[in-house]
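Comments concern the structure below.
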Amino acid sequence: MSTPKTSLVRQEWQAFWLAMSFLTRIPVWVKIDYSQRLMNLSSLYFPLVGLLLGVLNLLAYSLLISLLPLTVTLLLLLVLHLWITGAFHEDGLADSLDAFGGGYTREKRLEIMKDSRIGTYGSVALFCVLALKWAIWVELDNLAIALLMAPAIARLTPLFLMHFMPYVTASEQSKTKPVADSMSLGRLAFAILGVLLVALIAQVFWITLLAIAITLLYWGYSLHRNLGGYTGDTLGASVIISELVFLLLLLIGR
């Protein structure tokens with residue numbers, strides 16, 4: 001017979017693996033009793049999943065750099081990351097910028113986001129983002145820190161947006177569910193402290209704070225002005241934006 005403590009551990013264990021299956025294509029062999037509540041709980045582990053992706057980045061880099069030139073190694077790392085994540089957040093960025101670039105009303109922007117096709121704004125954004133990410137990697141002296149920390153820091157940003165902004169849909173009658181409802185302040189604080197502790201150990205504490213603050217101010221304002229809240233696509237876009245801001249700050253402060 002399970003005790004409340006055992007049930008809690010099992011719940012958190014499932015929440016972690018749900019976060020893993022949601023954010024990556026890594027096979028999950030844990031049985032997950034899916035529910036909207038479990039999805040809400042899983043958002044706590046988004047940064048941890050990002051940190052594990054960072055570890056995979058480092059392992060892959062260590063292997064590839066012993067065989068290939070730096071530029072080819074980093075291009076393959078970029079491809080590997082897109083494959084492991086299913087270009088999940090990149091898709092959100094493309095949809096968001098297509099909507100913001102081609103929609104002149106809130107309703108039209110939300111309608112464009114639901115379209116599975118990619119437009120000019122999204123295509124150009126993806127090219128620029130991927131090219132800029134590769135170029136920064138090539139120039140960084142502290143590349144190992146960038147590969148390890150950027151995915152974790154970037155996946156903290158959506159938690160702020162989910163907590164402080166409302167979820168919006170194309171219509172009031174829409175049955176579309178948010179990725180996760182607003183997480184509790186306690187769980188948000190726990191996620192923040194976890195990321196900041198790792199950032200402190202990696203000696204990028206202030207850069208991490210600045211990157212998150214810049215992204216939240218810029219992207220949060222854009223969402224408030226254009227949509228009045230967040231969507232799943234805009235959460236994905238926030239991951240890409242905060243990762244780029246973090247990498248740029250690393251490059252500036254090298």
Side-chain angles (χ1 to χ4, degrees), residues 12-13 15-26 28 39 41-62 74 77-78 80-90 92-93 129-130 132-134 136-137 140 142-163 179-180 183 186-216 219-220 234-251 253-254:
E12 296 297 335
W13 177 249
F16 165 73
W17 286 108
L18 179 56
M20 181 71 76
S21 67
F22 183 71
L23 296 179
T24 76
R25 289 182 170 179
I26 296 172
V28 172
M39 189 72 237
L41 294 174
S42 74
S43 57
L44 168 67
Y45 298 103
F46 287 3
L48 177 57
V49 172
L51 186 62
L52 294 176
L53 289 173
V55 172
L56 287 177
N57 278 341
L58 281 181
L59 292 175
Y61 173 80
S62 299
L74 295 181
L77 269 186
L78 199 58
L80 177 64
H81 184 78
L82 292 173
W83 177 69
I84 290 176
T85 61
F88 186 46
H89 304 306
E90 286 77 10
L93 177 73
V129 161
L130 295 175
L132 181 58
K133 185 175 179 179
W134 177 85
I136 295 172
W137 277 355
L140 278 175
N142 47 356
L143 179 59
I145 292 297
L147 294 177
L148 176 66
M149 292 300 301
I153 291 165
R155 283 159 182 79
L156 178 61
T157 310
L159 305 189
F160 284 96
L161 298 176
M162 286 190 288
H163 184 81
V179 171
M183 67 189 304
R187 291 180 77 84
L188 177 61
F190 190 80
I192 294 170
L193 290 174
V195 171
L196 293 183
L197 177 60
V198 177
L200 186 62
I201 295 171
Q203 299 182 339
V204 289
F205 181 83
W206 294 112
I207 288 178
T208 296
L209 284 181
L210 188 56
I212 293 172
I214 289 172
T215 305
L216 289 174
W219 194 235
T234 60
L235 292 181
S238 74
V239 171
I240 303 300
I241 294 169
S242 54
E243 184 172 16
L244 275 182
V245 172
F246 175 75
L247 292 175
L248 281 168
L249 290 174
L250 272 183
L251 185 60
R254 64 178 179 171

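If you take OG1 on Thr24 and CH2 on Trp83, they are separated by 10.0 Å, rounding to the nearest 0.5 Å. One finds the CG atom of Leu52 at 5.0 Å from the CZ atom of Phe16 (value rounded to the nearest 0.5 Å). Taking CD of Glu90 as the start and CG of Leu82 as the end, the distance is 5.0 Å to the nearest 0.5 Å. A distance of 14.0 Å separates CZ in Arg155 from OG in Ser43, rounded to the nearest 0.5 Å. To the nearest 0.5 angstrom, Leu51 atom CG is 12.0 Å from Leu156 atom CG. In this structure, Leu132 CG and Ile240 CD1 are separated by 11.5 Å, a value rounded to the nearest 0.5 Å.
Considering only heavy atoms from C-beta on, Glu243 stays 4.5 Å or farther from Ile153 through its side chain. Residues Leu216 and Leu161 form a side-chain contact, since some pair of their non-hydrogen atoms from C-beta on lies under 4.5 Å apart. Between Trp134 and Leu77 the shortest side-chain heavy-atom distance does not fall below 4.5 Å. Taking the side chain as every heavy atom from C-beta outward, Met20 and Leu48 never approach each other to under 4.5 Å. A heavy-atom distance below 4.5 Å is found between the side chains of Arg187 and Leu41.
Every residue two or more places apart in sequence or in another chain that forms a side chain to side chain contact (heavy atoms under 4.5 Å, CB included) with Ser21 is listed here: Leu18, Val28, Ile32. With sequence neighbours left out, Thr157 forms a side chain to side chain donor-acceptor pair (under 3.5 Å) with Ser242. Partners of Arg25 under the salt bridge (Lys or Arg N to Asp or Glu O under 4.0 Å) rule, at least two apart in sequence or in another chain, do not exist in this structure.
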Acceptor/donor pairs from residues 192-205 side chains to any protein atom, 3.5 angstrom cut, sequence neighbours excluded:
none

Side-chain donor-acceptor contacts of residues 143-150 below 3.5 Å, not counting sequence neighbours, with atom names and distances?
none

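The list of side chain to side chain donor-acceptor pair (under 3.5 Å) pairs with a residue in residues 44-54, not counting sequence neighbours, reads Glu12-Tyr45.
Taking every heavy atom of both residues into account, Ala15 and Ser42 meet most closely at O-CB, 3.1 Å. Here the closest heavy-atom approach between residue Leu78 and residue Trp137 is recorded as N-CZ3, 3.9 Å. Nearest heavy atom pair, residue Leu80 against residue Ala60, reads CD2-CB, 3.6 Å. Ala152 approaches Pro47 most closely through the heavy-atom pair CB-O, 3.5 Å. Pairing each heavy atom of Val245 with each of Ala211, the nearest pair is CG1-CA, 3.7 Å.
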### Task
For side-chain contact (heavy atoms from CB on, under 4.5 Å), just list the numbers for Val49 and Phe22, CA-CA rounded to whole Å, side-chain angles, deciding distance to a tenth of an Å, and then say yes or no.
CA-CA 10 Å; Val49 172; Phe22 183 71; over 6 Å; no

### Task
Go through the steps to decide whether Phe46 and Val239 satisfy the test side-chain contact (heavy atoms from CB on, under 4.5 Å), and finish with yes or no.
CA-CA 11 Å; Phe46 287 3; Val239 171; over 6 Å; no

### Derivation of the side-chain contact (heavy atoms from CB on, under 4.5 Å) call for Leu74 and Tyr61
CA-CA 8 Å; Leu74 295 181; Tyr61 173 80; 4.2 Å; yes

### Query
Checking side-chain contact (heavy atoms from CB on, under 4.5 Å) for the pair Thr215/Phe246: CA distance, chi angles, key distance, verdict?
CA-CA 9 Å; Thr215 305; Phe246 175 75; over 6 Å; no

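Taking the six-membered ring where tryptophan is involved, the planes of Trp17 and Trp13 are perpendicular, since the angle between them exceeds 60° and thus also 30°.
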